[in-house]
Amino acid sequence: MMTHYIETKNLILREFRDTDVDGIFKLDSNREVHKYLGNNPIKTLEEAEKIISFFYLQYKERGIGRFATIEKSSRKFIGWAGLKLNLGEKEMLNGYTNFIDIGYRFLPSFWGKGYATEASLASIEYGFKKLKYHVIYGAADVDNIGSNKVLNKIGLDFKNEFMFKDSTCNWYELKKKNYEYKRMLRMR
């Protein structure tokens with residue numbers, strides 16, 4: 001199993017551990033967090049354990065999965081961010097299978113601090129430079145203004161709208177060649 005670790009100015013992104021179960025429970029049992037995710041928050045610690053087991057399976061079988069995200073200053077678990085390999089018909093999204101997507105989910109008390117942008121920029125760089133991906137996709141419910149802003153801010157290009165579980169979503173992509181160009185523009 002690969003060990004992934006990313007450090008930014010304010011955050012640590014690392015593989016999940018069994019000790020993160022309380023953090024996942026706090027995150028995924030929160031109704032506000034699940035507003036644009038089907039309004040189906042978890043109700044038990046056992047469900048949180050299953051989520052962490054799914055992350056472990058992603059690391060083992062796919063070589064990548066979401067990262068536990070820790071705020072450096074407080075050492076608190078704030079949620080997760082990072083890349084995921086979506087495989088097969090079960091994980092089809094907007095007609096795509098076998099693709100890398102960027103995602104993030106944080107506790108509301110950590111919203112508005114720029115952490116989704118910071119974690120996502122670091123994850124994209126990790127994906128293109130270390131893991132040698134050629135394209136990274138993203139999706140967000142059209143009504144989730146914050147998430148759509150992050151996807152735009154990190155350089156993904158809007159491609160189209162699509163339906164997912166009775167919700168209209170926006171589909172984004174970023175190709176490696178465009179990432180390099182946009183990265184140079186950001187550094188100016």
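- Here the side chain of Glu71 pairs no donor or acceptor atom with the backbone of Lys76 at under 3.5 angstrom.
- Checked by atom type and distance alone, the side chain of Arg105 never pairs as donor or acceptor with a backbone atom of Trp80 at under 3.5 Å.
- Between the side chains of Ser147 and Tyr104, a donor-acceptor pair is found at a separation under 3.5 Å.
- Taking the six-membered ring where the residue is Trp, Tyr179 and Phe128 present tilted rings, their angle falling between 30° and 60°.
- Within the 3.5 Å criterion, the main-chain N or O of Asp143 finds a donor-acceptor partner in the side chain of Asp141.
- With hydrogens and angles disregarded, a donor-acceptor distance shorter than 3.5 Å links the side chain of His34 to the backbone of Asp28.
- Taking 4.5 Å as the limit, some side-chain heavy atom of Phe55 sits within range of a side-chain heavy atom of Ile51.
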Tyr115/Val150 under side chain to side chain contact (heavy atoms under 4.5 Å, CB included): CA gap, chis, key distance, verdict: CA-CA 10 Å; Tyr115 290 165; Val150 169; over 6 Å; no
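- The aromatic ring centroids of Trp111 and Phe106 lie 6.0 Å or more from each other.
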Evaluate the side chain to side chain contact (heavy atoms under 4.5 Å, CB included) criterion for residues Leu93 and Phe162: first the C-alpha distance (whole Å), next the side-chain angles of each, then the deciding distance (0.1 Å), finally the verdict. CA-CA 9 Å; Leu93 197 59; Phe162 68 100; 3.7 Å; yes
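- Applying side-chain contact (heavy atoms from CB on, under 4.5 Å) to Phe77 and the options Ile70, Asp22, Thr69 leaves one that passes, Ile70.
- Taking 4.0 Å as the cut-off between side-chain N and carboxylate O, Glu118 and Lys113 do not count as a salt-bridged pair.
- By the 30° and 60° cut-offs, the orientation of the rings of Tyr126 relative to Phe67 is perpendicular.
- Considering every non-hydrogen atom in both Lys129 and Lys132, the closest pair reads O-NZ, 2.8 Å.
- Lys176 approaches Tyr133 most closely through the heavy-atom pair CD-O, 3.6 Å.
- Residues Ile154 and Thr117 form a side-chain contact, since some pair of their non-hydrogen atoms from C-beta on lies under 4.5 Å apart.
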For Thr8 and Leu121: C-alpha separation, side-chain torsions, deciding distance, then whether side chain to side chain contact (heavy atoms under 4.5 Å, CB included) applies. CA-CA 10 Å; Thr8 68; Leu121 285 170; over 6 Å; no
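- Tyr36 places no side-chain N or O within donor-acceptor distance of the main-chain N or O of Ile145, the cut-off being under 3.5 Å.
- Tyr59 contributes a side-chain N or O that, together with a main-chain N or O of Phe16, makes up a donor-acceptor pair within less than 3.5 Å.
- Atom CZ of Phe164 sits about 9.5 Å away from atom CG of Leu37, to the nearest 0.5 Å.
- Salt bridge absent: Lys26 and Asp20 never bring a charged side-chain N and a carboxylate O closer than 4.0 Å.
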May I have the step-by-step check of side chain to side chain contact (heavy atoms under 4.5 Å, CB included) for Glu49 and Thr44, ending in yes or no? CA-CA 9 Å; Glu49 290 168 355; Thr44 67; over 6 Å; no
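- Residue Val33 comes nearest to Pro108 through the heavy atom pair CG2-CD, 3.6 Å, listed as atom of the first residue, atom of the second, then distance.
- Other residues, nucleotides and ligands place no more than 12 heavy atoms under 6.0 Å from the NZ atom of Lys177.
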